[in-house]
J.: 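The structure's right below; bear with me while I get my questions together.
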Amino acid sequence: MKLRKLLVSLGTVIFLIVNLVGGAAGEVLLHETMNFATSSSWDIHQAEYTVFAKPPKGWVGDVMPMAGDEESGELRLFYLQDWRDGAPTYHPFHSFVTRDFVHYEYLGEAIPTTNVDHYDMALGTGSVTKIGDTYHAFYTGNNPRFFSKGKPREYIRHAISQDGVHFTKLEEETFTSSPAEGYSTEDFRDPFLFHNEESGEYWLLITTVRNGRAAIARYASRDLSSWELREPLLLPGTTSCECPDLFKWGDWWYCFYSTDWVTRYMRAPSLEGPWEHPPMEAFDSHAFYAAKTGVLNGKHYLCGWIATRGGYSGEFSDTSAWDWAGNLAVYELEQDPEGWLSIHLPETIREAFGEPVPLNGQLLLAEGSAEGNRVTISADRDGGGVVFEALPDRPVLISTDVTISENARGAGFSFGGANYYRALAVELDMKFGLLRYDSSIVARMRYSVESSHISRKIDTEKRSYHLDVLIDNDVAVFFLDNREALSTRIYRMPGMPWGVYVSDGEACFDNLTMRILEK
């Protein structure tokens with residue numbers, strides 16, 4: 001593969017600045033030559049995350065936003081703590097509390113595991129609700145060793161607390177499914193507590209399997225202690241599902257669930273249905289999972305986790321398999337006039353970033369120009385564009401409106417180096433109609449196949465897209481057109497140059513800005 005020399009069209013207006021310091025807020029400054037970082041001292045074991053929170057040790061598993069305290073001005077986020085220490089007991093409940101999804105206070109353990117002979121050898125997802133002065137946690141007790149004893153593996157468990165910090169388990173209230181009920185004795189988990197104001201009773205929604213298909217079972221109670229089986233709330237049409245969540249917003253009821261490593265939902269005009277799937281199948285891709293909703297200051301949010309890669313083996317590699325658990329991620333939900341939902345960057349996070357900073361970059365393997373905060377580039381099929389200085393060691397928010405020419409194969413972002421034959425790409429792929437990341441370098445994206453788990457479908461007819469890119473260490477979320485997201489994790493990214501590029505055509509990155517999180 002022959003590399004072209006740097007091309008700078010003398011007939012094109014280009015900002016060539018020798019002094020790398022200065023420039024108006026948000027202005028893109030192009031330089032003839034720059035000294036780019038070729039390595040980074042960043043270490044995931046020492047990394048401190050901000051907007052994508054994690055505990056001091058371990059990682060964030062399934063997230064359970066607390067209900068019943070919506071007027072407090074803060075949101076408590078319980079989650080399954082993933083120690084990854086090889087211990088026989090695992091996944092106790094821990095929690096964070098936040099007021100803005102930027103600053104988190106880690107509160108430590110809330111519900112512990114027990115031992116290898118107990119239901120609570122491992123804890124599974126559930127829900128926590130404040131009712132009066134008492135906190136009620138319903139969760140899954142999971143003991144794989146029960147299989148050899150001819151017993152079900154998963155049980156519904158109940159614990160209460162007066163302070164929301166220290167919970168007491170109510171051993172006598174444990175229950176599970178039975179063959180007579182028609183539900184699987186192997187899949188029976190993730191209880192979600194819902195108060196039905198119309199009937200004056202509480203429901204427990206439990207994900208299970210009936211006749212080989214996923215079901216969200218429904219149990220009813222008036223005392224939160226004894227439970228009566230009812231008909232299932234809905235049948236999603238999948239072979240399995242997890243982590244149910246139910247709430248009303250305006251005229252519509254929404255039921256969230258996770259399956260096939262993505263979070264989905266269905267809606268209905270009443271609790272009796274009919275339930276229907278949305279036009280957009282999922283909010284994010286394979287890297288974001290087990291999300292449930294919470295309310296803070298009257299707004300609805302979707303709270304889940306972004307997976308690590310190779311974390312169980314300790315290699316943390318960009319080519320490793322995606323793990324279970326990682327960093328906390330929160331998106332703001334939006335309801336359109338027709339009642340369908342979308343997600344976007346939470347406004348509280350956007351407001352925490354400062355004014356746009358000047359961007360110092362260099363054209364590489366491309367022709368192009370910069371004027372203000374608009375970058376226009378043209379490159380051949382191998383790709384080329386503008387490479388910028390190394391990312392700062394604080395969270396950043398990059399925003400732009402990308403317009404791609406009719407003939408161009410794709411355009412996107414590069415991370416992890418100034419050399420397009422080493423930098424990893426997140427691309428708006430016009431060939432397959434995807435915004436995607438598959439651990440490929442820029443120059444090889446044209447050889448990549450369509451089957452990337454980390455991708456979102458795009459309409460290639462419009463050719464123009466808005467992107468907000470939220471980056472915190474090795475985690476990046478691409479919010480596409482203020483309606484959906486693509487979550488990624490790129491270990492090569494922190495402390496390294498980044499850029500924008502196009503392949504086999506032209507692209508304009510308008511309103512290209514970077515903002516740094518204010519302390």
Side-chain angles (χ1 to χ4, degrees), residues 53-69 72 74-85 87-98 104-116 118-131 133-144 153-171 173-176 188-194 204-207 224 242-245 256 258 289-294 301 303-305 323-330:
K54 69 176 290 294
K57 293 184 179 181
W59 300 92
V60 174
D62 296 358
V63 182
M64 297 155 278
M66 191 182 80
D69 197 25
S72 66
E74 62 183 25
L75 181 60
R76 182 87 174 268
L77 298 166
F78 291 85
Y79 70 94
L80 300 182
Q81 169 74 9
D82 187 22
W83 290 113
R84 299 186 185 176
D85 58 0
T89 59
Y90 49 95
H91 297 166
F93 274 32
H94 285 216
S95 70
F96 293 100
V97 66
T98 184
Y104 291 88
E105 180 185 358
Y106 171 62
L107 301 179
E109 186 175 79
I111 305 178
T113 57
T114 304
N115 58 57
V116 297
H118 192 268
Y119 306 112
D120 293 353
M121 174 180 171
L123 304 192
T125 310
S127 61
V128 181
T129 307
K130 186 178 182 182
I131 303 173
D133 295 328
T134 302
Y135 298 81
H136 292 264
F138 287 89
Y139 64 96
T140 310
N142 186 322
N143 193 324
R153 168 179 177 167
E154 297 175 322
Y155 294 79
I156 304 305
R157 306 275 289 134
H158 187 192
I160 59 174
S161 171
Q162 299 304 311
D163 59 8
V165 178
H166 306 95
F167 283 77
T168 300
K169 298 177 180 181
L170 304 179
E171 300 289 346
E173 295 189 15
T174 302
F175 72 96
T176 188
F188 194 76
R189 58 182 174 273
D190 304 345
F192 176 80
L193 182 67
F194 167 74
L204 271 185
L205 305 182
I206 299 169
T207 51
L224 295 172
E242 300 180 296
C243 306
D245 185 2
F256 280 66
S258 291
Y289 192 62
K292 304 182 76 167
T293 66
Y301 295 90
C303 312
W305 48 264
D323 301 316
W324 185 92
N327 290 71
L328 174 66
V330 178

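Count residues from 1 along the sequence. What you are looking at is a predicted structure, and each value in this text was computed from that prediction instead of being measured. Below, each value reflects all heavy atoms present in this structure, side chains not excepted, and no hydrogens, waters or symmetry copies.
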J.: Assess whether side chain to side chain contact (heavy atoms under 4.5 Å, CB included) is satisfied between Leu224 and Leu193, documenting all intermediate values.
T.: CA-CA 9 Å; Leu224 295 172; Leu193 182 67; 3.7 Å; yes

J.: Under 6.0 Å between the ring centres of Trp59 and Trp324?
T.: no

J.: Between Pro65 and Thr293, is there a side-chain heavy-atom distance shorter than 4.5 Å?
T.: no

J.: With rounding to the nearest 0.5 Å, note down the distance linking CZ in Phe194 to CG in Leu204.
T.: 12.0 Å

J.: Output yes when a side-chain donor or acceptor of Arg76 lies under 3.5 Å from a complementary backbone atom of Val128, and no otherwise.
T.: no

J.: Do any N or O atoms from the side chain of Ser161 and from the backbone of His166 form a donor-acceptor pair under 3.5 angstrom?
T.: yes

J.: Strictly by modelled atom types, are Asp120 and Tyr139 linked by a side-chain donor-acceptor pair under 3.5 Å?
T.: yes

J.: Can you tell me how far the OG1 atom of Thr125 sits from the CE atom of Met64, to the nearest 0.5 Å?
T.: 5.5 Å

J.: In sequence, state the C-alpha distance, the side-chain angles, and the governing distance for Lys292 and Phe256, and then conclude on side chain to side chain contact (heavy atoms under 4.5 Å, CB included).
T.: CA-CA 7 Å; Lys292 304 182 76 167; Phe256 280 66; over 6 Å; no

J.: Considering non-hydrogen atoms only, spot the tightest contact between Pro92 and Trp83 and give its length.
T.: CG-NE1, 3.9 Å

J.: Quick check: does any side chain N or O of Thr113 sit under 3.5 Å from a backbone N or O of Met121, one acting as donor and the other as acceptor?
T.: no

J.: Quick one: does any side-chain atom of Thr207 pair with a main-chain N or O of Asp190 as donor and acceptor, under 3.5 Å?
T.: no

J.: To the nearest 0.5 Å, what is the distance between CG (Leu77) and OG1 (Thr98)?
T.: 7.0 Å

J.: Between Val165 and Leu107, is a side chain to side chain contact (heavy atoms under 4.5 Å, CB included) present by the stated rule, with each step listed?
T.: CA-CA 8 Å; Val165 178; Leu107 301 179; 5.6 Å; no

J.: Do Asp69 side-chain atoms and Leu75 backbone N/O form a donor-acceptor pair below 3.5 Å?
T.: no

J.: OG1 of Thr176 to OH of Tyr155: how many Å apart, nearest 0.5 Å?
T.: 5.5 Å

J.: Any salt bridge linking Glu171 with Arg157? Criterion: basic side-chain nitrogen under 4.0 Å from a carboxylate oxygen.
T.: yes

J.: Between the side chains of Thr114 and Lys169, does any donor sit under 3.5 Å from an acceptor?
T.: yes

J.: Just how far is it from atom CD of Glu74 to atom CZ of Phe96, taken to the nearest 0.5 Å?
T.: 14.5 Å

J.: Quick one: does Arg153's side chain get under 4.5 Å of Asn142's, heavy atoms only?
T.: yes

J.: Do you see a donor-acceptor pair shorter than 3.5 Å between the side chains of Glu242 and Tyr289?
T.: yes

J.: Would you say Gln81's side chain and Gly108's backbone share a donor-acceptor pair under 3.5 angstrom?
T.: no

J.: What's the spacing between Tyr135 OH and Gln162 CD if we round to 0.5 Å?
T.: 9.0 Å

J.: If you count every heavy atom of other residues, nucleotides or ligands that lies below 6.0 Å from Asp133 atom CG, does the total exceed 12?
T.: no

J.: Apply side chain to side chain contact (heavy atoms under 4.5 Å, CB included) to Phe78 and Ile111, showing your working.
T.: CA-CA 10 Å; Phe78 291 85; Ile111 305 178; over 6 Å; no

